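In what follows, a single structure is set out as structure tokens and then discussed.
Note that the structure is predicted; figures quoted are calculated from it, not measured.
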There are 2 protein chains.
Amino acid sequence: MRITDSEPIEQCDCVCVHQEIVDFVTADMPAEEKLYDLAELFKVFGDSTRIKILYVLFEKEMCVCDIAELLHMTQSAISHQLRVLKQSSLVKFRREGKTVYYSLADSHVRTIINQGMEHIEE
Amino acid sequence: MRITDSEPIEQCDCVCVHQEIVDFVTADMPAEEKLYDLAELFKVFGDSTRIKILYVLFEKEMCVCDIAELLHMTQSAISHQLRVLKQSSLVKFRREGKTVYYSLADSHVRTIINQGMEHIEE
DNA sequence: TAAACATATGAACAATTATTCATATGAAAG
DNA sequence: CTTTCATATGAATAATTGTTCATATGTTTA
């Protein structure tokens with residue numbers, strides 16, 4: 001997968017280019033970096049373990065151990081994935097003694113997941 | 001990455017499980033298969049080339065060649081990615097002679113991308 | 001029918017990533 | 001201070017995937 005568009009890349013070999021359309025759309029495109037960040041965000045949603053964790057947190061805040069038990073997975077695997085979710089600000093957490101409780105960070109998470117569900121249920 | 005949850009998996013080794021919470025949340029979880037499909041959908045959004053293609057199609061329907069030109073990528077790479085987008089029903093297409101024009105399939109695509117943008121712009 | 005052009009696709013390679021295993025950190029209790 | 005327990009993390013491995021290259025398909029025009 002490519003990381004940036006900064007290196008020279010070979011162009012399309014077609015002759016049919018509609019230059020005015022290309023120019024028009026190019027002008028309205030968000031910055032390369034923003035589109036890259038957006039893809040990175042959706043990459044986080046693009047794993048079934050993380051989707052399950054997010055869905056679990058729809059209901060209640062939960063500790064790492066409970067999530068692991070619920071999903072029949074190891075504590076380590078869940079902890080690694082919670083870190084990814086945390087880095088994308090999709091979940092937040094609070095500490096209570098030895099236990100760490102995780103919950104959803106904001107309402108965008110719900111909206112995105114709900115829209116995704118609607119799409120696949122069509 | 002794991003494909004299904006059907007094989008036996010080792011459980012969490014913690015002792016702290018809050019069984020009533022686990023049971024309560026388990027009851028409300030969507031089917032395993034649905035959560036898997038949802039992750040598959042977001043995986044499609046999770047690539048910067050495909051995000052760029054979707055963003056480009058926000059504005060206008062476009063042919064493969066124009067998209068390739070606009071994104072400075074090969075026709076082959078774009079065509080492969082359009083296939084992925086087509087398989088997830090995120091884009092549709094119409095043929096006009098030799099040319100194939102692609103456009104966004106439905107409004108969920110816009111909503112999902114817009115919510116994602118809002119999230120990263122916070 | 002042949003040539004030209006737009007698009008699609010199969011195979012291969014390089015890069016990314018989810019899980020496991022072993023171990024570290026940090027908090028509470030004895 | 002030592003033990004116990006909940007969580008975090010680094011390294012390694014296995015599996016997935018985006019792009020390229022070569023080539024195929026399908027449509028139009030000469």
Let's see if you can work this out: which of C:dA6, C:dA18, D:dA8 has an atom nearest to the side-chain heavy atoms of A:V100?
D:dA8

When you check the phosphate oxygens OP1 and OP2 of D:dT20, does a side-chain N or O of B:T74 lie under 4.0 Å from one of them?
yes

How many Å lie between CZ on A:F42 and P on C:dT17, as a whole number?
16 Å

Nearest whole Å is fine: how far is D:dA6 P from A:I67 CD1?
15 Å

Only counting residues at least two apart or in another chain, list the ones meeting ring pair (Phe, Tyr, Trp, His ring centres under 6.0 Å) with A:F93.
A:Y102

Protein-nucleotides 9-12 of chain D N/O pairs under 3.5 Å:
{"unit_1": "D:dT9", "atom_1": "O4", "unit_2": "A:S76", "atom_2": "OG", "d": "2.6"}
{"unit_1": "D:dG10", "atom_1": "O6", "unit_2": "A:H80", "atom_2": "NE2", "d": "2.8"}

Donor-acceptor list for residues 19-30 of chain A side chains, cut-off 3.5 Å, not counting sequence neighbours:
{"unit_1": "A:Q19", "atom_1": "NE2", "unit_2": "A:D23", "atom_2": "OD1", "d": "3.0"}
{"unit_1": "A:T26", "atom_1": "OG1", "unit_2": "A:V22", "atom_2": "O", "d": "2.5"}

Grab the CD-C1' distance between B:Q87 and D:dT17 for me, whole Å please.
13 Å

Does B:R50 put a side-chain nitrogen or oxygen below 4.0 Å from OP1 or OP2 of D:dG18?
yes

When the distance from CG of A:L82 to C1' of C:dT19 is rounded to whole Å, what number comes out?
14 Å

Considering residues at least two apart in sequence or located in another chain, which fulfil the side-chain hydrogen bond (donor to acceptor under 3.5 Å, both in side chains) criterion with A:E59?
none

Examine distances only and state if a side-chain atom of A:R110 and a backbone atom of A:F58 form a donor-acceptor pair shorter than 3.5 Å.
yes

Looking only at side-chain N and O atoms, does B:Y102 come under 4.0 Å of OP1 or OP2 in C:dA6?
no

To the side chain of B:T49, which of D:dT19, C:dT17, D:dT7 is closest?
D:dT19

Hey, does B:L104 have a side-chain heavy atom less than 4.5 Å from the side chain of B:L90?
no

Can you check the A:E96 CD to D:dC5 P distance for me, whole Å?
19 Å

Tell me: CZ of B:R95 to P of C:dT7, nearest whole Å?
8 Å

Considering residues at least two apart in sequence or located in another chain, which fulfil the salt bridge (charged side-chain N to carboxylate O under 4.0 Å, His left out) criterion with B:R95?
none

side-chain hydrogen bond (donor to acceptor under 3.5 Å, both in side chains) partners of B:D106, counting only residues at least two apart:
A:H119

Atom CD of B:E40 and atom P of D:dT17: how far apart are they, to the nearest Å?
7 Å

So which one's nearest nucleotide on DNA chain C is more toward 5', A:Q81 or A:K98?
A:Q81

How many Å lie between CD1 on B:I78 and P on D:dT20, as a whole number?
9 Å

